[in-house]
> 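Here you go, one structure.
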Amino acid sequence: MMTMRRMTLNPLTFSMPAARVVDDLLDSIFDRTPAGSAEGGADSQTFVPAVNVWEDENALHVECELPGFEIGNVEITGVKNRLMLSGTRSLAFANGESTPRALFRERVGERFSRSIDLPVQVEFEQAVARLENGVLRVTLPKAQQARPRRIEVRGA
Amino acid sequence: MTTQNATAIERSEPNTLPAPAPSQQPVAQQGDQSTWYYRPSADIFESSDAYTILLDMPGVSSENLEITFGDHMLTVHGHVSVPEWMRERRAGRQVIRTEYGIGDYFRRFEIGRTIDVENITAECASGVVRIHLPKVEAAKPVKITVTPSRA
């Protein structure tokens, strides 16, 4: 049941230091386990959503497709260089509505969990998260020391 | 009154789509090889008086959703524009990880004739599309009272 979009991880197409490429490949292996699995919080109903991550000068942007999830039921935690996302949704019918017979089921589970190692230091206190039409967008401003700085070159 | 009768939801894919494509892989629509769509995951439920189809279509809002019914085929097409960061390169911007693609959704369901096509309704919230297909009166189960025979 854990079908999701084909993973198109391709960090090699972008100019990155070799060490970071290796890091990302390792991340991609280790990341794709539920963040709560070590505490026994995960089970077969927990799925690991795909994420897109990009950066500009001032921030890291993490995007994740979470159809049916509401922002109130999504938990976003930042620890050091790790961002953890988890949440629950109601799969089909609201409370009080009798659940009819399922003829066909493809949609993923009611809970998700995902952790992402961030390549730069960010200010979690300044983070902004929006969940719109089932797409979560987290903006993580970079720490001052992680932002590019223009260096004045003075002629001798 | 054009309410139609007989049979049920025959099951999803018409012959025009390549057979069991994994969910959310891009699926090409026949006749237009250059257009790619994502196939949204679906659940189908049946109750005594209706069928309900739920589709996960993150990024879609009701104004970008087109649902049509004709020739026993329910067609769902959701338009999602590719975000600028994915479309264009820009100085200072770097894509770190792309695990999923973004684009239009497309899926068709073959519908039998137990459906009251005049009263199909759909709603879209939080990227989940919910289509309500009421059964026609003739298709609803009828309780038959059994009277004890006098012997």
Side-chain angles (χ1 to χ4, degrees), chain A residues 1 3-11 13-16 20 24 27-28 31-32 49-58 60-71 89 91-93 97-108 116 118-120 131-137 148, chain B residues 8-12 21-26 38-65 78 80 83-86 89-103 105 107 109 124-130:
Chain A
M1 287 309 280
T3 46
M4 53 192 69
R5 285 186 180 181
R6 180 176 49 193
M7 197 171 144
T8 51
L9 174 80
N10 197 358
T13 54
F14 302 97
S15 52
M16 266 194 255
R20 185 146 146 202
D24 278 6
D27 283 354
S28 71
D31 263 5
R32 298 187 70 79
V51 296
N52 286 341
V53 184
W54 56 282
E55 67 177 320
D56 53 29
E57 286 94 339
N58 300 317
L60 269 184
H61 304 268
V62 177
E63 300 185 354
C64 185
E65 292 185 323
L66 299 171
F69 289 88
E70 306 292 340
I71 195 77
R89 72 170 174 177
L91 250 192
F93 294 87
E97 225 177 331
S98 62
T99 304
R101 192 163 64 100
L103 299 179
F104 185 66
R105 299 200 82 157
E106 284 177 348
R107 297 166 70 228
V108 289
I116 302 132
L118 306 171
V120 298
L131 183 49
E132 201 182 356
N133 297 325
V135 180
L136 178 72
R137 291 188 178 87
Chain B
I9 294 188
E10 298 295 16
R11 246 297 311 276
S12 10
S23 153
Q24 295 196 345
Q25 297 275 15
Y38 290 94
R39 183 169 173 267
S41 297
D43 286 347
I44 303 175
F45 296 92
E46 181 184 9
S47 67
S48 56
D49 58 357
Y51 295 97
T52 303
I53 301 178
L54 297 174
L55 295 136
D56 278 345
M57 296 170 78
V60 168
S61 55
S62 48
E63 54 271 25
N64 298 322
L65 185 62
V80 184
E84 199 245 340
W85 68 264
M86 205 178 241
R89 279 173 172 252
R90 212 176 66 188
R93 186 164 64 202
Q94 182 140 257
V95 177
I96 294 166
R97 187 175 291 184
T98 314
E99 292 179 356
Y100 65 90
I102 297 168
Y105 296 97
R107 191 150 182 186
F109 299 89
C124 176
S126 306
V128 178
V129 177
R130 186 191 189 99

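Below, read A as the first sequence line, B as the second, and so on, with proteins coming before strands; counting in each chain starts at 1.
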> Sort A/L131 into side chain, backbone, both or neither according to what part of it lies under 4.5 angstrom from a heavy atom of chain B.
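Looking at A/L131, nothing touches chain B.
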> So, taking the atom named CG in A/L66 and the one named OG in B/S126, what distance separates them when rounded to the nearest 0.5 Å?
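Separation between the atoms: 10.5 Å.
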> Can you tell me which of B/S48, B/A50, B/G92 forms the most heavy-atom pairs within a distance under 4.5 Å of chain A?
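Answer, by heavy-atom pair count under 4.5 Å with chain A: B/G92.
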> Below 4.5 Å from any heavy atom of chain A, which atoms of B/A91 appear? Answer side chain, backbone, both or neither.
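The answer is the backbone of B/A91.
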> Report yes if the side chains of B/M86 and A/E63 come closer than 4.5 Å at any heavy-atom pair, otherwise no.
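Of all side-chain heavy-atom pairs linking A/E63 with B/M86, none is under 4.5 Å.
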> I'd like to know which of A/P148, A/G68, A/G134, A/P67 tops the heavy-atom pair count under 4.5 Å against chain B.
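Highest number of heavy-atom pairs under 4.5 Å: A/P67.
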> Mind checking the CD-CZ spacing from A/E57 to B/R90? Nearest 0.5 Å is all I need.
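Reported value, rounded in 0.5 Å steps: 7.0 Å.
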> Please round to the nearest 0.5 Å and tell me the distance separating atom CD of A/E106 and atom CZ of B/R39.
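Going from CD on A/E106 over to CZ on B/R39, the span is 5.0 Å.
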> Which atoms form the tightest heavy-atom contact between B/S61 and A/N133, and what is the distance?
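Closest pair (atom of B/S61, atom of A/N133, distance): CB-ND2, 3.6 Å.
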> Counting C-beta onward and ignoring hydrogens, is there a side-chain heavy-atom pair between A/N52 and B/I102 closer than 4.5 Å?
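Yes, their side chains come closer than 4.5 Å.
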> Ion pair present between A/R105 and B/D43, side-chain N to carboxylate O less than 4.0 angstrom?
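Counted as a salt bridge, because a side-chain N and a carboxylate O are separated by less than 4.0 Å.
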> Could you walk me through whether A/H61 and B/W85 satisfy the side chain to side chain contact (heavy atoms under 4.5 Å, CB included) test, starting with their C-alpha distance in whole Å, then the side-chain angles of each, then the deciding distance to 0.1 Å, before giving a yes or no?
CA-CA 10 Å; A/H61 304 268; B/W85 68 264; over 6 Å; no
> Measure the CD-CD distance between A/E55 and B/Q94 for me, rounded to the nearest 0.5 Å.
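Taking CD in A/E55 and CD in B/Q94, the distance rounds to 5.0 Å.
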> My understanding is that only one of B/V95, B/I96, B/T98 makes a side chain to side chain contact (heavy atoms under 4.5 Å, CB included) with A/V53; could you say which?
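One option only clears the test, and that one is B/I96.
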